[in-house]
Amino acid sequence: MELHSKLPDTGTTIFTVMSALATELKAINLGQGFPDYPMSEELISLVDSSMKEGFNQYVPMQGYFPLREAISKKIDSLYHADINPDSQITITPGGTYAIYTALTAVLEPNDEVIIFEPAYDSYIPNVIINKAKPVLIPLSFPDYKIDWDLVRRNISERTRMIMLNSPHNPTGTVLDEADIDQLRQIVRGTRILILSDEVYEHLVFDGKPHLSMLRYPDLFARSFVCFSFGKTYHCTGWKLGYCISHPTLMSEFRKVHQFNCFSCHSPSQVALSRFLRNEQAYLSLGKFMQEKRDYFQELMSSTPFVPLKSQGSYFQVYRYDKISSEPDTEFVMRLTREYGVAAIPLSVFYKSGTDNKVIRFCFAKKKETLEKAAERLSRMSRKEAR
Ligand code: PMP
Ligand code: GLN
């Protein structure tokens, strides 16, 4: 059958490729980002009781109202934003879906969308499938910051959106107030929208605040802000998240959402509406994950890998140029095959394949997993000739 691909340059996502290889080779999987420790027993029991109470049919397409109410309260206490749960919040099957839906709701052919690279791998295909044009701007290396002058030079009358992700996947950097000031200056008086991917909102380290777009009324008015329960409650397989925006944007968002997913898994939404009352469960996350980052970094000091700074998320990127000059895609394959540890090469997050000899490890793992992985990696020697 003749078929014209709408995404001719898109292959299988690296997360699936590396996880399949890790499973096949029984390697330790520090590649795809997911925890290997159990989620909250209490939250599991709440799903169980919700099902037994009979919450097993469709909820409204916007999501279970008490969950939206609980989110609105949380947003008020964390970011001091007054969000109407009726018109400004929609529950989605994950953050990735929320991002796709937002883009699909507003992008028109030939609109330009600014994307910073390295970029989470769904962004570019999400733009292209909507016949819009990704405008790719590299983050600086090795500190992975936004060069705002470069952004200014790339703005045109076609610029429709800027995609932001803080804490950032894959690099672990976070936006600071200086970034927010620059962003404000750039978008003021324009029709530029913002897609703010904040799925790692609670995973910010070293006492830094999470600068959500929800904190800034002028920026929020033009933003879709996307979140993921999978990241917050250690249940990535639940695929539940939500999007928050101005009612005008949300109304368009829902036009797409209602004929795609319609509504998400009901008992989990009921359970989450109850579990959200426990503020400690999310407020303690940053410290919990920071300890994992620090522990992994300490373990990794016995290896020839050189860490770059991780300020948030559950990732840290490491340079391997002292070990090998192989392309990063080949290096991670060999790491998995010969040393039994899977990681993610950063070049796949650049359209042009920029290879700075950097790979990403996920440290959202049990202590034993991190110890075993570091022990295997410490067998790598500095000057392996290849
Ligand atoms: N954005 C980024 C940057 C992510 O790392 C993830 C995690 N997969 C998501 C969005 C979406 O998460 P999910 O769809 O699993 O809720
Ligand atoms: N966000 C996860 C990561 O970066 C993976 C999500 C996915 O597999 N789509 O590893």
Side-chain angles (χ1 to χ4, degrees), residues 10-23 28-36 39 63 71 90-103 115-127 139 144 163-175 194-204 210 212-213 224-244 257 260-261 264-265 268-269 272 282 285 289 310-317 332 336 342-349 358-365:
T10 304
T12 303
T13 165
I14 187 71
F15 304 120
T16 290
V17 171
M18 291 314 297
S19 283
L21 189 68
T23 306
I28 299 170
N29 193 353
L30 302 191
Q32 189 178 23
F34 62 87
D36 72 343
M39 63 174 292
I71 291 169
T90 300
I91 310 298
T92 62
T96 313
Y97 172 104
I99 296 164
Y100 176 79
T101 305
L103 267 57
I115 296 180
F116 299 102
E117 288 191 314
Y120 186 55
D121 68 347
S122 71
Y123 295 175
I124 294 176
N126 281 188
V127 170
L139 296 175
Y144 297 112
M163 295 184 77
L164 295 170
N165 173 214
S166 178
H168 186 255
N169 180 6
T171 68
T173 53
V174 305
L175 294 179
I194 295 167
L195 185 298
S196 188
D197 178 348
E198 303 186 10
V199 300
Y200 300 104
E201 69 177 319
H202 298 299
L203 306 179
V204 185
H210 169 58
S212 173
M213 286 305 123
F224 289 102
V225 193
C226 300
F227 298 93
S228 169
F229 286 115
K231 306 289 161 179
T232 302
Y233 292 129
H234 316 298
C235 51
T236 60
W238 281 25
K239 290 302 293 186
L240 267 183
Y242 52 99
C243 181
I244 304 185
H257 165 72
N260 190 5
C261 147
C264 306
H265 193 250
S268 310
Q269 293 188 60
L272 285 164
Y282 54 81
L285 260 177
M289 209 57 84
S310 168
Q311 303 170 303
S313 79
Y314 40 47
F315 305 115
Q316 183 148 20
V317 294
V332 291
T336 316
I344 300 289
L346 250 66
S347 67
V348 301
F349 300 117
V358 173
I359 62 176
R360 187 196 84 176
F361 290 109
C362 171
F363 51 73
K365 304 289 171 187

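For ligands, and for the atoms within them, numbers begin at 1 and follow the listed sequence. Numbering starts at 1 and runs along the sequence shown.
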Numbering as shown, the atoms of ligand 2 that approach Phe315 to under 4.0 Å (heavy-atom distance) =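 That gives atoms 3 (C), 4 (O), 10 (O) of ligand 2.
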query = Which atoms of ligand 2 are found less than 4.0 Å from any heavy atom of Gln32?
reply =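 By the 4.0 Å cutoff, the relevant atoms are 5 (C), 7 (C), 8 (O), 10 (O).
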ask   = Under the 6.0 Å and 45° cation-pi test, does Lys231 pair with Phe34?
value =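 That pair does not qualify as a cation-pi contact.
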Answer yes or no: does an N/O atom from [X] fall short of 3.5 Å to an N/O atom of ligand 1?
| X | value |
| --- | --- |
| Ser228 | yes |
| Thr96 | yes |
| Gly95 | yes |
| Lys239 | yes |

So, [X] side chain and [Y] main chain: donor-acceptor pair closer than 3.5 Å or not?
| X | Y | result |
| --- | --- | --- |
| Gln269 | Cys264 | yes |
| Ser166 | Leu175 | yes |
| His168 | Pro118 | yes |
| Glu198 | Met213 | yes |
| Arg360 | Gly31 | yes |
| Thr92 | Gly94 | yes |

message = Measuring from non-hydrogen atoms of Phe34 to any atom of ligand 2, is the shortest distance under 4.0 Å?
response =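 In this structure, Phe34 fails to qualify as a contact of ligand 2 - no heavy atom is under 4.0 Å.
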query = Does Asn169 have a non-hydrogen atom less than 4.0 Å from ligand 2?
reply =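 True for this residue.
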task = Assess Tyr200 for proximity to ligand 1: is some non-hydrogen atom of it under 4.0 Å away?
result =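 Per 4.0 Å heavy-atom rule, Tyr200 contacts ligand 1.
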query = Quick one: does His168 get a heavy atom under 4.0 Å from ligand 1?
reply =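 Outside the 4.0 Å threshold, so no.
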Ligand-side contact atoms (ligand 1) for residue partner Gly94, heavy atom cut-off under 4.0 Å =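 Answer for ligand 1: 14 (O), 16 (O).
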inquiry  = Under 4.0 Å from a heavy atom of Asn169: which atoms of ligand 1 are those, numbered in the order shown and with their elements?
reply    =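 Under 4.0 Å from Asn169, ligand 1 has these atoms: 3 (C), 4 (C), 5 (O).
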message = I need the Gln316 CD to Phe363 CZ distance, nearest 0.5 Å.
response =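 The CD atom of Gln316 sits 6.0 Å away from the CZ atom of Phe363.
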key: Side-chain H-bond candidate by donor/acceptor type, Lys239 with Tyr97, under 3.5 Å   =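 Per modelled atom types, Lys239 and Tyr97 side chains form no pair under 3.5 Å.
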ask   = Quick one: do the Asp197 and Tyr123 side chains pair a donor with an acceptor below 3.5 Å?
value =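 Short answer, yes.
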request  = Looking only at protein heavy atoms, identify the closest one to atom 8 (N) of ligand 1 and say how far it is in Å.
outcome  =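 Nearest neighbour among protein heavy atoms for atom 8 (N) of ligand 1, to 0.1 Å: Tyr120 OH, 2.9 Å.
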ask   = When you measure from atom 9 (N) of ligand 2 to every protein heavy atom, which one gives the shortest distance, and what is it?
value =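 Residue, atom and distance for the closest contact: Tyr120 OH, 3.4 Å.
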Below a 4.0 angstrom heavy-atom separation, can you tell me which part of [X], side chain or backbone, both or neither, approaches ligand 2?
| X | value |
| --- | --- |
| Tyr200 | side chain |
| Arg360 | side chain |
| Lys231 | side chain |

ask   = What's the shortest heavy-atom distance between Met163 and Val127, and which atoms?
value =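 The pair with the smallest heavy-atom distance is SD-CG2, 4.3 Å.
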ask   = Nearest heavy atom to atom 1 (N) of ligand 1: which of Asn165, Asp197, Val199, Thr236 does it belong to?
value =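 It is Asp197 whose heavy atom sits nearest to atom 1 (N) of ligand 1.
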ask   = Of the listed options (Ala364, Gly230, Gly33, Gly31), which comes nearest to atom 2 (C) of ligand 2 when hydrogens are ignored and any heavy atom counts?
value =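 Nearest heavy atom to atom 2 (C) of ligand 2 lies in Gly33.
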message = Can you confirm whether or not the ring centre of Phe116 sits under 6.0 Å from the ring centre of Tyr144?
response =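 Not under 6.0 Å, so no.
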